[in-house]
Structures are given as C-alpha cells and as structure tokens.
J.: 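Okay, here's the structure, questions in a sec.
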Amino acid sequence: MFSGCYICTMLKIFYSPDSQAELKGGSGNPAGSNDKKGSDIVVNDKPVRMPNDTGTGQEILERAGYKPVTCYSLYMKLAGCDFEKVSLTHEINFKNPGLENFVTKDPDVFPYSVNQDSELTQEKELAPRAIIKLAGLDPEKVYLVQVTKHGEEVLAFKMDEPVCMDCKGLVFLTREWIETVDIEEYGKECKPVPPAKNYLIKVDKEKFSWPNPIISVEQVIKFVQKDNPSNFNLVKFLSNTPKPIPLPYNETIDLRVKCLLRFVVQPKTQNDGFQRGFSLPEEDIDFLKSVGFRWEALAEISYMWLLIHDYPLPDGYTVKNCTLALMIPPNYPATEIDMAYFYPQLIKSSGKTIGATTNQPIGGKVFQRWSRHRLPNEWKPGVDNVATHLTLVDNWLKNDINR
C-alpha cells in the first residue's frame, strides 16, 4: 500500500505541465475526450469549460467569472489529498486523473501602492503609520493620502486609525508635513487649510497651538477659561459670513473648514439689575453693513444710541421683529456695551412676565430696557464689539422665552 503523501506526490507529477504522458480522466474530463480541445473543470461546484488542456490560476478565475482575480484565492483538490493553493501564475494540467475540483476563498493578500510603488500585505487592515513605514518612509516627515477611483485625494490624518484594505488595490500618496498652520491666515483668503502637525487657533486675542484638525468646543473654551468651561459659550467668526456663529457646547470643530478666522468665548450667565454701560469703530460699521441690517446712529444730550431696525426675534414673542437699541459708552470699545433696548416693548406669547425690565425714552419713543449684564471684567477690549454683543442679545432673547 502506498501512503497518502506518496500518492499526492505522484499526482503532482501528473499535473505538472512538463508531463508528456497521455492521461485520461480528470474532473469533468471523462475518458476518451483527450482528442477534444479544451477541458471541463469544476470551480465551487459549477462546471467551467477551459479552452485549453492547461491554464494558470488567473485564467481559471477569469474563466469562472471571479473578477478581479486579486479578490480571490484559488485552491485545487487532488484525490486523497488536502486542498492546495494555486497561485495566479501557477500552470495546471487539467488532464491530471487525480484532479477533482477547485474552490475559491477570501484573498490571502491585498495589493496596494505607495507613490506608484506596488506593495502587498496579508493584513486586512493597516494604519497609515504602518503603510508609511512599510514603504521605507518616515511618518514624522510625511503623511498619507488615499487616492479614490475618481482621482480625489482623501487625507488619512489619524496615523494610527486602521484603513480597511481592498482586494482591488488601494492607491496611496505621501505628502510632506507642514510644521504649523495659522488658521486665521488661511481663513482671511478662504484658502483650503493643508494638513499640519500643529494648528494655530485664535481664541479671543491670543493664539494657541493644537496638534489635530479636530477640536471640541469645550477644549477651545478651556484655552481661555480653564475652570468651569460649561459656564461659557463659544462663537466662531468666518471671513465669508459677517455674523458670528454660536456653537453648541457638545459640538466638535473641524479646523480645516474654509474661511475660519477665530473664536470668541462668552459667559452664559447674566445678571439682572440696573447698570449702564459704548463709540462706533469702523469694524462695527462694516459688520452692520455686511449683515444687511438697517441701522442708524442717534446722538442725544446724554447718550449715543445704535438703532438696528427690523431686528429678528425668535419664536415665543408676540412680534417677529423690532427695533433694537444699544447704548454706546464714550470710551467704547475699551468700555463695554451693556444691556439691550427694544421697541415696541416685547411680550411673550406665553403671557409670562419678562423680568428686570424698565422704560427708556430713546428718540421720542419708549423702549423696553432689558437689564442683562456680563460679569465684571468679562468684556474683552479688542475682542468684543457690536457683533459679539448681539450674540449675547440673541441668547438673552432665547433664554427668556422659557423663564
């Protein structure tokens, strides 16, 4: 009796393309069919007609309809033997009498390229840092970009977050790191923000470094308010949008958004009381014009007033818009803008009373003064202005609806 190993060895000799023996049989290849051109084989229990008596693993997969061939591993079964892997270039004699069938499995290797150099990996996932190192490059000097089938470049920024490999082959390029990018400088011209090791972010009057293009609202606030950051709001300024944009506390910010300039931190708290606190710089005039507000500056004996007409109100009041007045102190912007004044006097749709209000004559009309104030020293000269104060006014209006 011959052992199984001996039989398999002999069968392998028979299926070698070098064998000149006249063989009969084989899978789907009955005796007497040797004079018939081509061979019948079985792949995954389905008959496949091969045009010749020999063929490579790639030809078998393509003939059987398994494309792209890189997405499949091919195995052949010989009588009395285990399945044996067939490479894409391996040529097989289909007349081998011991050849039973073929089966396919998931791919064993995944092709990809880095800077047009072909690579292979047995890993189903690879992190960008590993891909860069396997290409013989330094991840401290370059980062990875994936090129889509449409030719678009997708940044694989998170160096240690796995990328799912694809049996069809992924295409990667590397780019040299920029050490530091100043967000404000790119935002002024609305230019795309390139990847960098560090991002300079302007918060209030200072700039802070951050090693990631994604940052939370909480972390931005912490740059200037380390204690109790949840007591503060954050607004962002874009060069293509004159009105500041409030950001929810639980939101994350993509620093690569075009036109991003800076952030301003503001207190959530408001004190009800009676205080007074305004002069109108060019930046305020530019802001009011760009937003499209109809406004006027009104000088009275004791006060300077900024009147903003048709100011929109949130739902919850009996009118949709009003005239909003802001008192401008003589030393503004060194001195803060305080409170807000409304005409006609605001009434909540719920009928509930609006607290801490009183009458204020302005330009021959009686405005409703809302005593709402920042805490001491929270006004930031050079940072706060009409635009930032209006963000506070909007918050007061929204918050009071539920009070």
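Quick caveat: nothing in here was measured; it's all calculated off a predicted structure.
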J.: For Trp370 and Gln368, does a side-chain donor sit closer than 3.5 Å to a side-chain acceptor?
T.: yes
J.: Under a 4.5 Å cut-off applied to non-hydrogen side-chain atoms, are His90 and Leu74 in contact?
T.: no
J.: Quick one, Thr388 and Ile337 - any side-chain contact, counting heavy atoms below 4.5 Å?
T.: no
J.: Taking the six-membered ring for Trp and the single ring otherwise, decide whether the centroids of Trp177 and Tyr143 are under 6.0 Å apart.
T.: yes
J.: What residue pairs, at least two apart or across chains, pass disulfide bond (SG atoms under 2.5 Å apart) with a residue in residues 369-403?
T.: none
J.: With a 4.5 Å cut-off on side-chain heavy atoms, are Ile285 and Trp295 touching?
T.: yes
J.: Quick one: does any side-chain atom of Tyr317 pair with a main-chain N or O of Leu397 as donor and acceptor, under 3.5 Å?
T.: yes
J.: Return yes if a side-chain donor-acceptor contact under 3.5 Å exists between His389 and Glu336, otherwise no.
T.: no
J.: Is there a donor-acceptor contact under 3.5 Å linking the side chains of Asp394 and Tyr311?
T.: yes
J.: Output all residues satisfying disulfide (SG to SG under 2.5 Å) with Cys322, sequence neighbours left out; order by chain, then residue number.
T.: none
J.: Would you check if the side chain of Thr70 reaches a backbone N or O of Cys167 as a donor-acceptor pair within less than 3.5 Å?
T.: yes
J.: Can you find a pair of side-chain heavy atoms, one from Val383 and one from Arg262, that are under 4.5 Å apart?
T.: yes
J.: Under a plain distance cut-off of 3.5 Å, with no hydrogens placed, do Asp53 and Ser39 share a side-chain donor-acceptor pair?
T.: yes
J.: Report the C-alpha separation of Asp286 and Lys289 in whole Å, then their side-chain angles, then the decisive distance to 0.1 Å, and conclude whether the salt bridge (charged side-chain N to carboxylate O under 4.0 Å, His left out) test is met.
T.: CA-CA 5 Å; Asp286 292 340; Lys289 288 181 178 179; 5.8 Å; no
J.: State, without any angle test, whether Gln345 and Asn359 hold a side-chain donor-acceptor pair at a distance under 3.5 Å.
T.: yes
